[in-house]
There are 2 protein chains.
Amino acid sequence: METHELRDVGLKVTLPRMKILEIMERETNERHLNAEQVYKILLSENEEIGLATIYRVLTQFEAAGLVSRHHFEGGNSVFELNKGHHHDHVVCVKCGKVDEFTDDIIEDRQNQIAQKLGYELTDHSLYLYGLCPKCK
Amino acid sequence: METHELRDVGLKVTLPRMKILEIMERETNERHLNAEQVYKILLSENEEIGLATIYRVLTQFEAAGLVSRHHFEGGNSVFELNKGHHHDHVVCVKCGKVDEFTDDIIEDRQNQIAQKLGYELTDHSLYLYGLCPKCK
DNA sequence: TTGAATGCAAACCGTTTGCAAACTT
DNA sequence: AAGTTTGCAAACGGTTTGCATTCAA
């Protein structure tokens, strides 16, 4: 139940936050949503929640560590529910489907490259773009 | 001389285009510039070129294959002069310095991952963020 | 001379913010 | 009852566009 997840991260339990969290839990596995998409899903379920609230709630969720924000090609932010482990993404440029992966070899190489160039890494982002099985 | 590069890609030779191309050639190796930065450099050299023109020219350069556009963390676009070969980037989060690299092992792994997940890759982006030698 | 390129200001779009009203505790 | 959270509309920042003027060929 979303109630506990919200309380656990110190957020007051409100209807908008519960609904948005519920949607993130339902949809994250298939695709990552932007604020507009969350807004439309809410509308289609007859929940009249303002777009500004969605941005605010998602930003709070991000600060609380419940979701991460990504900037895919094109620019606007998409959000994904956190499941704890680091991973990278493959994004379908046609339908928006997202697959996740981790690869130790790639991680190692990144660290080696950073070291060789003298950088102290703080973060990295790796996105693969293409057509998913259904779309090609 | 910038004149030929412009003619070669089918662009009329104008002062804004020459100046902007010249700046890209001077600056690309050290850092990748956004439109605002190009604008300020032009101003500092007493060239009064409108920001809208800079966006238009950079977009034309991109279409002509002269430059690439990237979306680094934070969101706004930065441009880099193309030198023909594919490469990825390490970006200093403090000073904006950019280093480039390519790594065949990473490229291979990316292709294998895409294949395993059934994607037909069209593109990818890999950015490492950190502190460069001077900034850490 | 003629069509393309520029400058300016206004439009745009995703996102954020100020404020009064509606909620959670 | 006290303090948050929400909705609305207005503001914002980077980028694009319409239109009259200026320019390259």
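Here is how names work: the chains are called A, B, and so on, in the same order as the sequence lines, proteins then strands, and each is numbered from 1.
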Handout entry: Sugar-phosphate, base or nothing in reach of B/R56, heavy atoms under 4.0 Å
Key = base
Completion exercise
From the candidates D/dG7, C/dT6, D/dT5, the one with an atom nearest any side-chain atom of A/R17 is D/dT5
Handout entry: B/H71 ring center within less than 6.0 Å of A/H71 ring center
Key = no
Practice task
Grab the CG-P distance between B/L51 and C/dT6 for me, whole Å please.
Solution key: 14 Å
Fill in the blank from the handout: Nearest-nucleotide check on DNA chain D, B/L11 vs B/R69; residue mapping nearer the 5' end is B/R69
Practice task
Looking only at side-chain atoms of B/T59, point me to the closest of C/dG7, D/dG14, D/dT16.
Solution key: D/dT16
Exercise for the section: From the options B/V78, B/I20, B/I23, B/T28, select the one residue that forms a side chain to side chain contact (heavy atoms under 4.5 Å, CB included) with B/L33. Expected result: B/I23
Exercise for the section: Look at all strands and tell whether B/L15 reaches a base, only sugar-phosphate, or nothing, counting heavy atoms closer than 4.0 Å. Expected result: nothing
Fill in the blank from the handout: Among the nucleotides D/dA25, C/dT6, C/dT15, whichever has the atom closest to the side chain of B/T14 is C/dT6
Fill in the blank from the handout: To the nearest angstrom, the OH-P distance between A/Y55 and C/dG18 comes to 18 Å
Exercise for the section: Go through D/dT5, C/dT6, D/dG7 for me and flag the one nearest to the A/K12 side chain. Expected result: D/dT5
Practice task
From the options B/R69, B/R31, B/H87, select the one residue that forms a side chain to side chain donor-acceptor pair (under 3.5 Å) with B/E80.
Solution key: B/H87
Handout entry: Length of the line joining A/K40:NZ and C/dG14:P, which is rounded to integer Å
Key = 9 Å
Problem - Rounded distance in Å - CD1 (B/I49) to P (C/dG7) - result: 6 Å
Handout entry: B/E100/B/K83 salt bridge by N-O under 4.0 Å criterion
Key = yes
Handout entry: For atom CD1 of A/I20 and atom P of D/dT5, their distance in whole Å
Key = 13 Å
Problem - For B/D103, the option from A/Q110, A/R109, A/Q112 that meets side chain to side chain contact (heavy atoms under 4.5 Å, CB included) - result: A/R109
Handout entry: Sugar-phosphate only, base, or nothing, as touched by B/E48 at under 4.0 Å among non-hydrogen atoms
Key = sugar-phosphate
Handout entry: Residue mapping more 5' on DNA chain D - nearest nucleotide basis, B/A52 or B/V13
Key = B/A52
